[in-house]
Amino acid sequence: MSSNFSIPVLFNIHAFQRDLILWYSEQKRTLPWRANQDPYRVWVSEIMLQQTQVDTVIPYFNQFMTRYPTVYDLAKADEQDVLKSWEGLGYYSRARNLHTAVKEVVEEYNGEVPSDKKELKKLKGIGPYTLGAILSIAFDQAEPAVDGNVMRVISRVLHIEEDIAKPKTKTLFEDVIREIISQEDPSSFNQGLMELGALICTPKKPKCDQCPVQEHCLAYEYGNQEDLPIKSKSKKQKTENFHVLVLTNSKGEYLIEKRPSDGLLANLWQFPLLPKQDAEQLPENFQNHYGAEIALEGKGESVKHVFSHVIWEVEVLFGKVGDDLQTGKFVTAQELKNYPFPNVQHKVMEQLKDRSSILGN
DNA sequence: AACCCGGGGCG
DNA sequence: CGCCCAGGGTT
């Protein structure tokens, strides 16, 4: 029950709450999801904001809420359309989990996002952070919502030197937040911490001279705010090499295929992607798997794409393919835009414009 | 606890 | 380029 950290006696919790919330009320950015407390809107925004910057999320959020204004609209949508709305945001399991969970809200909770902690936590894609965010922002409950921002801010303010890369450390921060969160306005308190982390208490060169809680900050007092939080390094990514085949049939249509329903980039589409191999063997290996003959015509520019855990080096090859296919699908250049492709494949698609004037019109 | 899952911003 | 992430699911 007791962690090896306790709030310093001299830390003035009420003054900290007051200064943080006042600053937030005056300085908070006007963001689309802050227009009201609709739990569904808060939910969608929090899912999109996972691992993703505010400026990136804004256009996606607006488009998403226009297309799916309520849980009912999203629940009845086709998953491919939902993925299309998510195209380019990354972490596509977020979209699939949100879709699954919203369907459950419609079926099991009469379309009302549950305000009960245990019920809400059961929903797919709602973990400790999103749980606390929705409970505090949409339902005004005093629950912690600890993300990377909050850990950074609090590690500095209270001078906590635990390694934030360790899962256990997050529990420590949740315990700390429970002790210092405002019971009167937990929404502004939590959002204030995140806003502070985004605007002032940044990872590098924090703007301590502009900080509303500078007088409460132990790291500032010690002058080591730049060294906090402490985070152990993750291991380096490995590089994987591929060929991507941009092939057209006799009608000039492109061959694309749907990725498997699990693993990296699940259920998204791609031009055929094969492990890099001897170019001499490629046609034969292709035919064994796809059932059609190919004639390679030339190379494009190699594409590099960095994921969090792996780096892809993709060599682009153009060519022709026979019409008799066992797997995959032929689509016109115009139809390509109707399918969700990951960014790495969009980088390949960019090269079509140079080779054909059909695209981009 | 370790590993998997994308992408963009920034210095 | 390397580092930073507004995390959750799975095993």
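Values below: all heavy atoms of this structure, side chains included; hydrogens, waters and symmetry mates excluded. Chain identifiers are assigned alphabetically (A, B, ...) following the order of the sequence lines, protein sequences preceding nucleic acid strands; residue numbering begins at 1 within each chain. Not measured: the values here are computed from a predicted model.
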Just by distance, do the side chain of E79(A) and the backbone of R96(A) share a donor-acceptor pair under 3.5 Å? no

What class does the angle between the rings of Y290(A) and F286(A) fall in, given that below 30° is parallel, 30 to 60° is tilted and above 60° is perpendicular? parallel

Taking the inter-plane angle between the rings of Y254(A) and F271(A) on a 0 to 90° scale, is it parallel (under 30°), tilted (30 to 60°) or perpendicular (over 60°)?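 Judged by the thresholds at 30° and 60°, the geometry between Y254(A) and F271(A) is perpendicular.
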
Contact class for [X] (heavy atom, under 4.0 Å): base, sugar-phosphate, or nothing?
{"X": "A198(A)", "value": "base"}
{"X": "K347(A)", "value": "nothing"}
{"X": "R34(A)", "value": "nothing"}
{"X": "T202(A)", "value": "nothing"}

Please report, rounded to the nearest Å, how far the [atom2] atom of [N] is from the [atom1] atom of [X].
{"X": "R96(A)", "N": "dG9(C)", "atom1": "CZ", "atom2": "P", "answer": "12 Å"}
{"X": "H99(A)", "N": "dG9(C)", "atom1": "NE2", "atom2": "P", "answer": "17 Å"}
{"X": "K170(A)", "N": "dG9(C)", "atom1": "NZ", "atom2": "C1'", "answer": "12 Å"}
{"X": "M48(A)", "N": "dG8(C)", "atom1": "CE", "atom2": "P", "answer": "16 Å"}
{"X": "K231(A)", "N": "dG2(C)", "atom1": "NZ", "atom2": "C1'", "answer": "13 Å"}
{"X": "L49(A)", "N": "dC4(C)", "atom1": "CG", "atom2": "C1'", "answer": "16 Å"}
{"X": "M194(A)", "N": "dA6(C)", "atom1": "CE", "atom2": "C1'", "answer": "7 Å"}

Expressed as a whole number of Å, how far does the [atom1] atom of [N] sit from that of [M]?
{"N": "dG9(B)", "M": "dG8(C)", "atom1": "C1'", "value": "23 Å"}
{"N": "dC5(C)", "M": "dC5(B)", "atom1": "C1'", "value": "14 Å"}
{"N": "dG9(C)", "M": "dG8(B)", "atom1": "P", "value": "23 Å"}
{"N": "dT11(C)", "M": "dG6(B)", "atom1": "P", "value": "16 Å"}

Side chain to side chain contact (heavy atoms under 4.5 Å, CB included) partners for [X], two or more places apart:
{"X": "L199(A)", "answer": "W23(A), R29(A), E195(A)"}
{"X": "Q183(A)", "answer": "A142(A), I181(A)"}
{"X": "D324(A)", "answer": "A292(A)"}

[X]: salt bridge (Lys or Arg N to Asp or Glu O under 4.0 Å) partners, not counting sequence neighbours:
{"X": "K122(A)", "result": "E119(A)"}
{"X": "K124(A)", "result": "none"}
{"X": "E315(A)", "result": "K276(A), K299(A)"}
{"X": "K320(A)", "result": "E297(A)"}

Of all of residues 144-152 of chain A, which get a heavy atom below 4.0 angstrom from DNA chain C, listed by number?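 Under 4.0 Å from DNA chain C: D147(A), G148(A), N149(A), R152(A).
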
Please tabulate, for side-chain N and O atoms in residues 213-224 of chain A, each donor-acceptor pair with protein atoms closer than 3.5 Å (sequence neighbours left out).
from: Q214(A); atom 1: NE2; to: C208(A); atom 2: O; distance (Å): 2.9
from: H216(A); atom 1: NE2; to: D19(A); atom 2: OD2; distance (Å): 2.7
from: N224(A); atom 1: ND2; to: H159(A); atom 2: NE2; distance (Å): 2.9

Annotated protein contacts, base or backbone, on nucleotides 6-11 of chain B with a non-hydrogen cut-off under 4.0 Å, one of B, S, - each: BBS---

Scan residues 139-157 of chain A for pairs that pass salt bridge (Lys or Arg N to Asp or Glu O under 4.0 Å), counting only residues two or more places apart or in two chains. K117(A)-E143(A), E143(A)-R178(A)

Strand-adjacent residues in residues 111-128 of chain A, judged by heavy atoms under 4.0 Å from DNA chain B: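 Close to the strand, none.
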
If you only use heavy atoms from C-beta on, which nucleotide in dA1(B), dG9(C), dA6(C) is closest to the side chain of V54(A)? dA6(C)

